[in-house]
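What you see is a predicted model, and the numbers here were worked out from it, not measured in a lab.
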Amino acid sequence: MVIARTLFLALVVGTAAVLGAGAARADHRCDPIGEPGWRTVATHEVVSQTVSAPYQEGPGWFIDRTVTVLPFCNYFDEIGNYSLRSYTLSPRATTERIGICRSDAARASIAIPPYTGPCPPR
């Protein structure tokens with residue numbers, strides 16, 4: 001039972017790590033540096049990811065994945081030197097509900113890809 005839960009969490013966290021790069025796109029605005037030759041690069045750095053224990057809601061099983069990102073405002077000159085005027089904004093946490101098992105027409109519980117563990121989860 002402990003091994004199954006460990007494998008399940010490893011699968012979910014591994015999938016989150018692979019898919020997390022798309023979720024880390026910057027959506028915030030940075031102050032202009034105001035000097036010629038400098039460029040502003042807004043980024044998000046993932047600082048933590050947590051996955052809840054599986055829970056049942058209706059006929060399906062779900063997990064909650066919480067990702068915390070740190071928005072950065074980075075400044076670089078024309079040859080790529082990093083400016084110490086770069087800064088971060090407040091961390092942002094988002095929680096996403098992810099289905100891992102659902103009922104089919106015969107009311108059997110089947111896994112929702114990419115989850116490959118047992119349904120219902122143990």
Side-chain angles (χ1 to χ4, degrees):
M1 184 161 107
V2 172
I3 294 172
R5 181 176 167 95
T6 303
L7 290 173
F8 166 75
L9 291 175
L11 171 73
V12 171
V13 171
T15 302
V18 170
L19 299 177
R25 276 182 248 121
D27 61 354
H28 60 280
R29 293 174 43 132
C30 297
D31 298 328
I33 201 162
E35 295 176 17
W38 288 88
R39 64 186 164 92
T40 304
V41 180
T43 61
H44 282 166
E45 299 295 326
V46 176
V47 293
S48 71
Q49 293 185 33
T50 58
V51 178
S52 72
Y55 61 92
Q56 186 175 15
E57 190 171 301
W61 285 84
F62 302 89
I63 58 168
D64 291 329
R65 178 176 61 200
T66 302
V67 178
T68 303
V69 297
L70 189 60
F72 275 91
C73 292
N74 301 297
Y75 299 107
F76 298 93
D77 69 7
E78 61 234 2
I79 59 172
N81 291 322
Y82 183 77
S83 172
L84 294 179
R85 290 185 250 178
S86 300
Y87 60 94
T88 65
L89 301 172
S90 298
R92 295 182 193 167
T94 57
T95 301
E96 177 183 15
R97 187 172 104 162
I98 301 168
I100 57 171
C101 298
R102 64 175 172 80
S103 294
D104 65 4
R107 296 187 139 191
S109 187
I110 58 173
I112 300 172
Y115 177 67
T116 58
C119 286
R122 295 183 187 107

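The aromatic ring centres of Tyr75 and Tyr82 sit 6.0 Å or more apart.
With contacts defined as side-chain heavy-atom distances shorter than 4.5 Å, the pair Pro120/Cys101 does not qualify. The side-chain heavy atoms of Asp31 and Tyr87, taken from C-beta on, include a pair separated by under 4.5 Å. The shortest distance between side-chain heavy atoms of Cys119 and Ile110 does not fall below 4.5 Å. The shortest side-chain heavy-atom distance between Ile100 and Ile112 does not fall under the 4.5 Å cut-off.
Listed here is the closest heavy atom pair of Phe62 and Gly99: CD2-CA, 3.5 Å. Annotation for Pro71 and Ser90: closest pair CD-O, 3.3 Å, computed over non-hydrogen atoms. Closest approach of Gly117 and Ala111 over heavy atoms only: O-CB, 4.2 Å.
Once rounded to the nearest 0.5 Å, the distance linking CD of Glu96 with CD1 of Ile63 reads 9.0 Å. In this structure, Thr68 OG1 and Arg92 CZ are separated by 12.0 Å, a value rounded to the nearest 0.5 Å. Atom OG of Ser83 is separated from atom CD of Glu35 by 8.0 Å, given to the nearest 0.5 angstrom. To the nearest 0.5 Å, atoms CZ (Arg29) and CG (Leu89) are separated by 12.5 Å. A distance of 11.0 Å separates CD1 of Ile33 from SG of Cys73, quoted to the nearest 0.5 Å.
The main-chain N or O of Phe72 is found under 3.5 Å from a side-chain atom of His28 such that the two form a donor-acceptor pair.
In this view, Asp77 and Trp38, Ile79, Asn81 satisfy the side chain to side chain contact (heavy atoms under 4.5 Å, CB included) rule, not counting sequence neighbours.
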